[in-house]
Amino acid sequence: MSQDNPYDAVPYESFPFAQSHPARMSGMAKLFGLPAPNLAKARVLELGCSFGGNLLPMALQYPSAQFVGTDLSQVQIAYANKICSELGVKNIAFRQANILDLAKESEQYDYIITHGVYSWVPTEIQSAMLELYGKQLSAQGVGYISYNVYPGWKMREVVREMMLFHVGHLKDHTTKLAQARAILQYAGKLHANNQMAFGRLMAEEANLLMRCSDNYIYHEHLESNNRPCYFHEFVAAAAKHGLSYLGESALSDMLPDRHGADLANTARQISNGNIITCEQYVDLLTNRAFRQTLLVHADRASSVQRALSATSFRDLHISVQLKASKPEPVLQTTKTPQAVVHAVYTDVHGRQINANQAHAKVMIDTLVAASPYSVPFAKIVADVSAFASAAGMNLDAAQYVSSELAVLLSQGVATLYGAPMARPAHETARVAPYARWHAARGNVVTNALHNLVQLTPEQAQTVNSDARPGPNQLAELMNLGLLV
C-alpha cells in the first residue's frame, strides 16, 4: 500500500452514480436532438473508478458493451479486479493509471465518465482530463464530469481551511480524521445559537459534515487539492479542447424555472438568450455548489435543439417513483371524459403530484404501473390516445404528454433514459447479479436503475438467496427495482 497516495491509505467508498449512467447521458443528448451511441455495444471509460461500484453494474447490464475503469490507487484497482473475478464479468478492464498518461492515448470511447475527480486534482491534470475528452470521445459520444462550483463553495472553503489549519501538522490519517471531526464538532457547538449569517452557515456546514463518512471528509476537505470554479470558467476550459456544453445530467438541474418564475424570467432577460450566461446567473443567485455536466464535441453544438416538443421525446424512456396516496374515483370515459378527478401521488421525497383531469391520470398511471422501471414515450402516448379516442376527446396525445413530461422532469419527479430500463416479466425475472453480490455484504444495494436502495434484513436475505423468490417477495423486489 502506498502511503503517498491518500486513496490507498483511505480508500474511497465506491457506489453507483445514477446520474452518470450512459442511458441517462444518451437520454439528454436525444432530448436535445443529438443522436447518441447505442449502449448495447458502446465503449465506456470511467476515470477515477475506485473499486468499480459505478462501472460493474453497467457491465453486467450490457454484456456486449466494453468498459474500462482507471484509477490512480492500486489498492482500489486490485479490489475492483477481485470483485470482477468473483462476479465473472468478462467485458470490463480495470487499470491503475495516471490521467496525464491516459491523455496521451488514442482509444475512442462513446461515453466517458468522471465523477468526483475534476475539482480534486491539480490544474495540469484538469487540463489533461479535458484533453482526453476532446481526443478520445467518439464523434457522437457524450462525456460526464462532476465538479464543485462557486459561489456555493465559498462558505465550504472556510470550513475546509479551518480543518486543514487544525490538522496540517499531522501525518497519520486516522489522527487527521479524528481531529478534523473534533474541530467540526466544536464549531457546530460554538455557533449553535448564533443568529448572525456567518454563525448560522458555520453551524449548518459543520453539523452536515459531522454526519458524513470519514472517506468523504478526508477526500472532500482534507486533500491538498480542492479547486472549485465558476461554471462559465469550466465551459471555457472545455472549449479549449474542442468540447461544448450539452447540459446537466438531469433536466431539472438546468431549468431556472425550478427556482420560481421571477428568477427564471430575470436570468433569461439579462443573459440575452445565452444558456451559459443564464446558467451562471442562476448559480450566482442560488448559491449553487455542485454540477454534473455533459459535454459533446464542439462541432455538434449547432445541432442542439433546446426547444422541447413531442419530437424531442420520441425515442426516449421515462421512469417515476410515485405511489398513489389516496383512493380515486372510477373514470367515466363515455359520459364525462374530461371530468375532474382527484388523484394524488407521492414521490420518494414526500412531495405530492395531483392529477385533476382523467387523461392526466391515465398518463401518470401508465408510469406508476412500471415504476421504478421506465416506459417508452410511445407507450405513454398510446395509452393516453386510446383513452381520449374512447372518450371522444379531441386531444393531440403526443403534444400533451411531452408537455406534461417536461413539467415532471423539471420538478425532478421523472427520470429520462435514452435506452429502455424496462420492467422484467414476472415469470423470467431474476435478482440483478450485482444486487446479490451487494446484499451478501450489507443492506444497501444497487438496483437495476443504478440507484442505491436500503433493504430490510429479510429483503437482504431474499436477494442473497439462491432460491427463487415467492410471488409476494418477487413483487416486493420488483417494486425496489432489484429484478432484471
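The first residue in the sequence is number 1, and the count goes up from there.
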Side chains of [X] and [Y]: is there a donor and an acceptor less than 3.5 Å apart?
{"X": "Glu46", "Y": "Thr70", "answer": "no"}
{"X": "Tyr345", "Y": "Asp365", "answer": "yes"}
{"X": "Gln321", "Y": "Asp347", "answer": "no"}
{"X": "Ser50", "Y": "Gln76", "answer": "yes"}
{"X": "Gln108", "Y": "Gln136", "answer": "no"}
{"X": "Ser26", "Y": "Tyr417", "answer": "no"}
{"X": "Thr346", "Y": "Ser325", "answer": "yes"}
{"X": "Thr446", "Y": "Asn451", "answer": "no"}

Side-chain touch [X]/[Y], heavy atoms, less than 4.5 angstrom:
{"X": "Arg227", "Y": "Tyr147", "result": "no"}
{"X": "Leu251", "Y": "Gln411", "result": "no"}
{"X": "Leu34", "Y": "Val142", "result": "no"}
{"X": "Met58", "Y": "Ile113", "result": "yes"}
{"X": "Tyr111", "Y": "Pro37", "result": "yes"}
{"X": "Leu55", "Y": "Leu45", "result": "no"}
{"X": "His359", "Y": "Leu395", "result": "yes"}
{"X": "Gln140", "Y": "Arg300", "result": "yes"}

Do side-chain atoms of [X] reach the backbone of [Y] as a donor and acceptor pair under 3.5 angstrom?
{"X": "Ser389", "Y": "Ala386", "answer": "no"}
{"X": "Asn354", "Y": "Asn356", "answer": "no"}
{"X": "Lys30", "Y": "Gly418", "answer": "yes"}
{"X": "Ser146", "Y": "Gly116", "answer": "yes"}
{"X": "Tyr434", "Y": "Gln61", "answer": "no"}

Query raised in the report: What pair of heavy atoms forms the shortest contact from Leu100 to Glu124, and how long is it?
Result: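 Answer, listing the atom of Leu100 first, then Glu124: CD2-O, 3.9 Å.
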Quick test of your reading of the model: are [X] and [Y] salt-bridged, counting only N-O distances below 4.0 Å?
{"X": "Arg291", "Y": "Asp283", "result": "yes"}
{"X": "Glu107", "Y": "Arg43", "result": "yes"}
{"X": "Lys135", "Y": "Glu105", "result": "no"}

Crowding at [atom1], [X] (>12 non-hydrogen neighbours, <6.0 Å):
{"X": "Glu233", "atom1": "CD", "value": "yes"}
{"X": "Asn193", "atom1": "CG", "value": "no"}
{"X": "Phe290", "atom1": "CZ", "value": "yes"}
{"X": "Gln399", "atom1": "CD", "value": "yes"}

Query raised in the report: Going through the distances and angles, do Tyr109 and Val44 end up as a side chain to side chain contact (heavy atoms under 4.5 Å, CB included)?
Result: CA-CA 6 Å; Tyr109 299 94; Val44 181; 6.0 Å; no
**Report entry** Residues His21, Met421; criterion side chain to side chain contact (heavy atoms under 4.5 Å, CB included); working and verdict
**Finding:** CA-CA 11 Å; His21 195 290; Met421 309 288 270; 4.1 Å; yes
Check for me whether the distance between the ring centres of [X] and [Y] falls short of 6.0 Å.
{"X": "His450", "Y": "Phe17", "value": "no"}
{"X": "Tyr118", "Y": "Phe234", "value": "yes"}
{"X": "His317", "Y": "Phe377", "value": "no"}

Query raised in the report: Which pairs pass ring pair (Phe, Tyr, Trp, His ring centres under 6.0 Å) with one or both residues in residues 240-268, sequence neighbours excluded?
Result: Phe231-Tyr245
Query raised in the report: With Tyr150, which residues qualify under ring-ring contact (aromatic ring centres under 6.0 Å, His included), at least two apart?
Result: Tyr230
